[in-house]
Amino acid sequence: MKRTLLAAAALCAAAWAHAAEPVKIGFLVKQVEEPWFQEEWRYAEVAAKEKGFTLVKIGIPNGEKTMAAIDNLAAQKAQGFVICAPDVKLGKAIERAARRNNLKVVSVDDRLVDGSGKPIASIPHMGISGYQIGKQVGEGIVAEIKARKWNMAEVGAIRVAYDQLPTGKDRTTGAIDALKAAGFPAANIIDAPQAKTDTENAFNAANIALTKNAKFKYWVAVGLNDEAVLGAVRAAEGRGIKADNMIGIGIGGAKAAESELNKPQPTGFFGSIMISAKEHGYQTSINLVNWINGKGVPPAEVLTKGMLMTRANQAQVRKAMGQ
Ligand code: FCA
């Protein structure tokens, strides 16, 4: 009798301890050096403090580090993770590793795909509405071309391209479609494929495009993020093409764009479509924690919006985006 009671008490204590165990989640990002991801982490920390869960931030620059990070989270008794993977084709491997370790997984920014390139529907996702935001880039450039009264025949457009990432392709396709819809000559559009989505690789890609097309008087540049467009702007500057002859509009609006738009003298970086690091960092974490706590599976796919931010309207845009 006594033994049964003791055993029951022990069981109860174990159950209680389990229920009281604080939730721990990982937030895994592909490029820790990029301000956008630092912002996502910052907002995830805000959520952790507010809701009382533990956040483990891990950089995952490649597939090997990604798999190690997932095992590491399991060893730390985390219950799930948010991920922006270094390669979306790791999707199935990530899903398997999560299942094996009994971890819930949601993706952010870059949607994970299976072997045939199809999005993995069972992994809830929050990303940006890439094509739409790309169109805002193109429309912003067209408005500025018109304001400057440039003749489109004399303008070259650099598309800094990273087409192996679906959201990257969607974004730059949206931008180019908007240029074409406004009558921009298709022959003046030059693809500049970058090897990695950072400023250095965009710089190298844009440099080649500029060298091969010296005939244009003016230039515009689009890319999947601020770093891509900054690379093109720096490459143009290296050839004497400055603010008066260049219109680059990025995507992101985090520190990189902010410091560029606040330089005393304008540069060719005309603006950025600001997107919501807050929603991507804060809300994905909370959705995951709620899921862990049995409060419902996160929405299958949420696509967030952006706003054009320039030197002229920075304060209003930040306020409107709640950042
Ligand atoms: C992708 C890009 C990042 C950022 C994010 C929202 O992951 O590589 O720069 O734009 O989407």
Side-chain angles (χ1 to χ4, degrees), residues 9-32 36-114 119-127 276-302 304:
L11 254 176
C12 262
W16 184 82
H18 184 76
E21 227 170 69
V23 171
K24 185 188 272 189
I25 63 165
F27 203 117
L28 280 45
V29 302
K30 62 180 180 181
Q31 272 164 287
V32 294
W36 165 261
F37 294 110
Q38 290 163 17
E39 283 289 284
E40 274 185 345
W41 272 355
R42 186 164 74 77
Y43 284 111
E45 289 280 13
V46 172
K49 288 223 173 71
E50 211 177 283
K51 308 287 175 192
F53 60 88
T54 305
L55 184 76
V56 183
K57 299 177 291 189
I58 311 178
I60 45 164
N62 56 43
E64 207 178 308
K65 293 244 160 68
T66 303
M67 293 307 141
I70 298 173
D71 288 340
N72 177 308
L73 284 172
Q76 295 191 47
K77 300 209 166 24
Q79 295 100 325
F81 60 94
V82 181
I83 187 166
C84 179
D87 179 351
V88 290
K89 292 201 204 72
L90 290 168
K92 276 286 162 193
I94 290 169
E95 190 179 41
R96 271 197 302 275
R99 280 217 182 112
R100 186 176 66 234
N101 288 305
N102 204 15
L103 292 161
K104 293 196 162 44
V105 51
V106 305
S107 56
V108 70
D109 303 336
D110 300 352
R111 183 140 211 206
L112 295 167
V113 300
D114 64 17
I120 302 177
S122 51
I123 301 179
H125 177 69
M126 185 186 290
S276 182
K278 184 175 180 184
E279 216 167 326
H280 287 226
Y282 179 91
Q283 200 55 49
T284 49
S285 306
I286 288 187
N287 289 351
L288 174 63
V289 168
N290 284 341
W291 189 14
I292 290 167
N293 287 332
K295 292 189 197 150
V297 184
E301 187 178 37
V302 177
T304 59

Which heavy-atom pair separates [X] from [Y] by the least distance, and what is that distance?
X	Y	answer
Gly127	His280	C-CE1, 3.6 Å
Arg111	Ala121	NH2-CA, 3.9 Å
Leu288	Gly80	CD2-C, 3.8 Å
Val105	Ala98	CG1-CB, 3.8 Å
Pro86	Pro61	CB-O, 3.6 Å
Ser285	Ala44	OG-CB, 3.5 Å

[Y] side chain reached by [X] side chain, heavy atoms, under 4.5 Å:
X	Y	value
Gln76	Val56	yes
Glu95	Ser122	yes
Leu73	Asn101	no
Asn287	Val106	no

How many angstroms lie between atom [atom1] of [X] and atom [atom2] of [Y], to the nearest 0.5 angstrom?
X	Y	atom1	atom2	answer
Ile60	Gln31	CD1	CD	10.5 Å
Glu45	Lys57	CD	NZ	4.0 Å
Leu55	Trp41	CG	CH2	9.0 Å
Glu301	Met126	CD	CE	11.0 Å
Leu28	Ile94	CG	CD1	8.5 Å
Phe81	Thr284	CZ	OG1	13.0 Å

**Q.** Criterion side chain to side chain contact (heavy atoms under 4.5 Å, CB included) on Gln79 and Ile25, from CA distance to verdict
**A.** CA-CA 6 Å; Gln79 295 100 325; Ile25 63 165; 5.6 Å; no
Q: Name all pairs fulfilling the salt bridge (charged side-chain N to carboxylate O under 4.0 Å, His left out) condition that reach into residues 59-71, sequence neighbours left out, sorted by first residue then second.
A: Asp71-Arg100
Q. Do you know which of Thr54, Asn290, Ile292 makes side chain to side chain contact (heavy atoms under 4.5 Å, CB included) with Val23?
A.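 So, applying the side chain to side chain contact (heavy atoms under 4.5 Å, CB included) to Val23 and each of Thr54, Asn290, Ile292, only Ile292 qualifies.
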(Q) Please evaluate residues Tyr282 and Lys51 with respect to the criterion side chain to side chain contact (heavy atoms under 4.5 Å, CB included), reporting the C-alpha separation (whole Å), side-chain torsions for both, the decisive distance (0.1 Å), and the verdict. (A) CA-CA 11 Å; Tyr282 179 91; Lys51 308 287 175 192; 4.2 Å; yes
Q) Would Ile83 and Thr66 satisfy side chain to side chain contact (heavy atoms under 4.5 Å, CB included), going step by step from the backbone distance to the final call? A) CA-CA 9 Å; Ile83 187 166; Thr66 303; 3.9 Å; yes
Q | CA sep, side-chain torsions, deciding dist, call: Glu40, Asp109, side chain to side chain contact (heavy atoms under 4.5 Å, CB included) | A | CA-CA 10 Å; Glu40 274 185 345; Asp109 303 336; 2.7 Å; yes
Q: For the pair Lys30 and Asp110, find out whether any cationic side-chain nitrogen is under 4.0 Å from an anionic carboxylate oxygen.
A: yes
